Amino acid sequence: MKYYRSEKQRLYYEKVIALFRDQHMGKTRIAKIIPVSDWTISNWIRTFVAENPKYKNKRMKMAEEKRKQKSIEDSLQSPLPNDKQSLQSEVVRLRKALREASMRADLYDEMINVAEKQFNISIRKKAGTKQ
């Protein structure tokens with residue numbers, strides 16, 4: 001946040017961001033503590049996350065994934081183009097999406113491996129059925 005109308009606003013902005021960043025509180029809990037509207041708090045958090053993407057919370061990431069999934073579903077329902085250039089660009093886009101999905105799957109697999117080693121518990125479901 002670059003422009004502050006008052007010293008009080010600057011102070012509240014810093015407290016809101018500290019609670020969001022350090023205590024992992026949501027806008028509703030922060031609004032109960034600090035006398036600023038939840039709309040203002042959500043705008044400040046949105047601005048902060050845009051400047052610092054590593055602080056995205058689960059809901060923001062899930063919403064982003066849903067938007068990506070919806071765009072993929074919309075593109076699947078659209079009719080296929082007939083010209084060669086658009087088909088080639090579609091192939092390139094689909095290859096990129098496949099590469100990202102496989103990288104994400106590898107990342108999740110590695111995260112499970114690290115968690116299993118670090119916490120010494122089995123996370124993966126065992127093969128076979130119970131008898």
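Hydrogens, waters and symmetry mates play no part in the numbers below; they use all other heavy atoms, side chains included. Keep in mind the model is a prediction, meaning the values are calculated, not measured.
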Heavy-atom distance under 4.5 Å between the side chains of [X] and [Y], does that happen here?
{"X": "Arg67", "Y": "Lys70", "answer": "no"}
{"X": "Met103", "Y": "Leu107", "answer": "no"}
{"X": "Leu87", "Y": "Lys84", "answer": "no"}
{"X": "Trp44", "Y": "Phe20", "answer": "no"}
{"X": "Lys96", "Y": "Arg93", "answer": "no"}

Measuring from [X]:[atom1] to [Y]:[atom2], what's the distance to the nearest 0.5 Å?
{"X": "Ser102", "Y": "Asp109", "atom1": "OG", "atom2": "CG", "value": "12.0 Å"}
{"X": "Ile41", "Y": "Tyr13", "atom1": "CD1", "atom2": "OH", "value": "12.5 Å"}
{"X": "Lys27", "Y": "Thr40", "atom1": "NZ", "atom2": "OG1", "value": "10.5 Å"}
{"X": "Glu100", "Y": "Lys68", "atom1": "CD", "atom2": "NZ", "value": "6.0 Å"}
{"X": "Ile17", "Y": "Asp22", "atom1": "CD1", "atom2": "CG", "value": "10.5 Å"}
{"X": "Asp83", "Y": "Ser89", "atom1": "CG", "atom2": "OG", "value": "8.0 Å"}

Other residues, nucleotides, ligands: >12 heavy atoms within 6.0 Å of Asn120 CG =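 Counting neighbours around CG of Asn120, 12 or fewer heavy atoms of other residues, nucleotides or ligands fall under 6.0 Å, so no.
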Step by step, would you call Glu110 with Asn113 a side-chain contact (heavy atoms from CB on, under 4.5 Å)?
-> CA-CA 5 Å; Glu110 188 60 30; Asn113 290 339; 3.7 Å; yes
For Ile34 and Leu19, run side-chain contact (heavy atoms from CB on, under 4.5 Å): C-alpha distance rounded to whole Å, both residues' side-chain angles, the deciding distance at 0.1 Å, then the answer.
-> CA-CA 10 Å; Ile34 296 179; Leu19 288 172; 3.9 Å; yes
What's the verdict on side-chain contact (heavy atoms from CB on, under 4.5 Å) for Met25 and Ile33, showing C-alpha distance, side-chain angles and the deciding distance?
-> CA-CA 11 Å; Met25 289 186 182; Ile33 298 170; 3.7 Å; yes
In one Ile/Leu/Val/Met/Phe/Trp/Tyr side-chain cluster, 4.5 Å: Val114, Ile112 |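 No, separate clusters.
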